[in-house]
Amino acid sequence: MAERSVLITGACGEIGQALTQALAARDGYRIVTADLAPLPDSIRSLSVEHVQGDLVYRIKQFYDYDFDIIYHLAASLSSKAEVATEEAHRINVEGTMQLLMLAAYRSEKYRKSVKVIFPSSIAVYGMPDLETKRRVGRVKEEEWNTPHTMYGCNKLYCEHLGIYYSRYYGQRHLDPNPPVMLDFRAVRFPGLISAYTVPSGGTSDYGPEMLHAAAQGKPYACFVREDTKISFMAMPDAIKCLLMLTDAPSERLSRRVYNVTAFSITAGEFRDRALRAFPGAKITFEPNLRRQGIVDSWPEDVDDERARRDWGWRPDYDVDRFFEEYFLPEIRKRYGTAEQLPL
Ligand code: SER
């Protein structure tokens, strides 16, 4: 099979590093990366070219590239976006818009549909209050699309932009000879947890932060209440999910935006599991009202039945396997923390 040309934006982020490694391990991909930062050592040798700088100003450069697939991962996450709203809008919306225009142009001009794979988020949901959040439990894609955050608004709008450019761009879809459109596909990720990297700027960050701190023997003050519940997923499952969605035959897709999830867990359950693995861990709860409000607006869980039915999505790691077979073994190797004894 001919080599496929791929662009990964936000390559230095958590998903970006893991995805670059996974694609490189698969062979058959020519990987170009883009990010504000220089590439970290973990992926430097895997990218044939790295474009460093603000995507919005660098986009012209990409018009000369023949990308088959664009993974648009660059984003300002929910907590950071809330304190720098205008910047978040530029990064999250303008950047996406520029890439969609590029993919739409190339798809039409070369009559070859460019795939744009987009990680959306549970932040597109907005539960009005805790009582409703608890009562509703799992939400379907079309329910509660009333985000409370700048990041959630940006992601929801970009989903719609992606659908627009794939189906209706220029309103020529009914022409006798319609143009070739780009192929936009999105998943709404829950909180992601990697054993190798820690997130920054997000609000689900308390999960991974708590676990990494416990493994390093550092005290951790969790910024949300103990009863705070949302869904999470292991990073290897997130990567599996992006690759499955990329490979899924178009005729199997009944929609362009899918929920995906692995397990739903409270912050208190994270603490209990962290303490079982690292009995010396010092974890306290000191809720930050603003960040608490963000997570309270996200659903407890999402219904990912459509992803399971249409393209066979299924996580490898439920909550037990996540801890026992992924996170704890890997984190112990990383920080060299064998079982810690209580102090
Ligand atoms: N993990 C993201 C955040 O917390 C949500 O998609 O911002």
Side-chain angles (χ1 to χ4, degrees), residues 9-10 12-19 71-85 87-89 91-93 95-96 117-127 133 139 141 144-159 162 186-195 197-212 222-225 228-239 241-242 245 257-267 270 287-288 290-302 304 307 315 322:
T9 73
C12 301
E14 288 201 283
I15 308 178
Q17 291 186 50
L19 178 67
Y71 290 96
H72 180 37
L73 313 178
S76 170
L77 295 184
S78 56
S79 286
K80 188 169 176 210
E82 219 47 39
V83 289
T85 47
E87 180 197 61
H89 187 274
I91 295 171
N92 295 346
V93 176
T96 307
I117 309 294
F118 183 69
S120 187
S121 163
I122 51 169
V124 301
Y125 298 108
M127 311 308 293
K133 169 170 167 155
V139 298
E141 283 87 349
W144 303 101
N145 285 184
T146 45
H148 292 198
T149 60
M150 177 48 107
Y151 175 73
C153 292
N154 295 163
K155 286 289 186 186
L156 187 60
Y157 175 56
C158 287
E159 289 179 1
V187 277
R188 290 181 181 162
F189 277 136
L192 301 180
I193 310 181
S194 166
T197 51
V198 271
S200 74
T203 318
S204 58
D205 296 7
Y206 62 88
E209 281 176 3
M210 184 192 298
L211 299 181
H212 279 262
C222 180
F223 59 78
V224 296
R225 291 185 318 270
T228 305
K229 189 173 185 183
I230 57 166
S231 46
F232 283 90
M233 182 184 286
M235 189 58 79
D237 271 336
I239 302 307
C241 180
L242 290 174
L245 183 64
V257 178
Y258 288 91
N259 278 348
V260 285
T261 189
F263 52 87
S264 179
I265 184 173
T266 64
F270 268 127
N288 169 300
R290 293 184 185 178
R291 298 182 97 182
Q292 181 71 59
I294 293 176
V295 197
D296 284 346
S297 77
W298 295 349
E300 280 197 355
D301 203 357
V302 296
D304 61 0
F322 166 77

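What you see is a predicted model, and the numbers here were worked out from it, not measured in a lab. All residue numbers in this chain count up from 1 along the given sequence. First listed ligand is number 1; within each ligand, the first listed atom is number 1.
Of the protein's non-hydrogen atoms, Ser204 OG, 2.8 Å is the one closest to atom 1 (N) of ligand 1. Among all non-hydrogen protein atoms, the one lying nearest atom 4 (O) of ligand 1 is Thr203 N, 2.6 Å. Protein heavy atom at the shortest distance from atom 5 (C) of ligand 1 is Ser121 OG, 3.3 Å.
Asp304 contributes atom CG, which lies 9.0 Å from atom OG of Ser231 (distance to the nearest 0.5 angstrom). Considering OG1 of Thr149 and CH2 of Trp298, their distance stands at 6.5 Å, rounded to 0.5 Å. The CZ atom of Phe223 sits 5.5 Å away from atom CG of Asp205, with the distance rounded to the nearest 0.5 Å.
Contacts between Phe232 and ligand 1 below 4.0 angstrom, taking non-hydrogen atoms only, are absent altogether. Contacts between Ser78 and ligand 1 below 4.0 angstrom, taking non-hydrogen atoms only, involve backbone and side chain alike.
A side-chain N or O of Arg188 and one of Tyr125 form a donor-acceptor pair less than 3.5 Å apart.
Tested against Ser120 for a side chain to side chain donor-acceptor pair (under 3.5 Å), the candidates Glu141, Lys155, Glu159 yield a single pass: Glu159.
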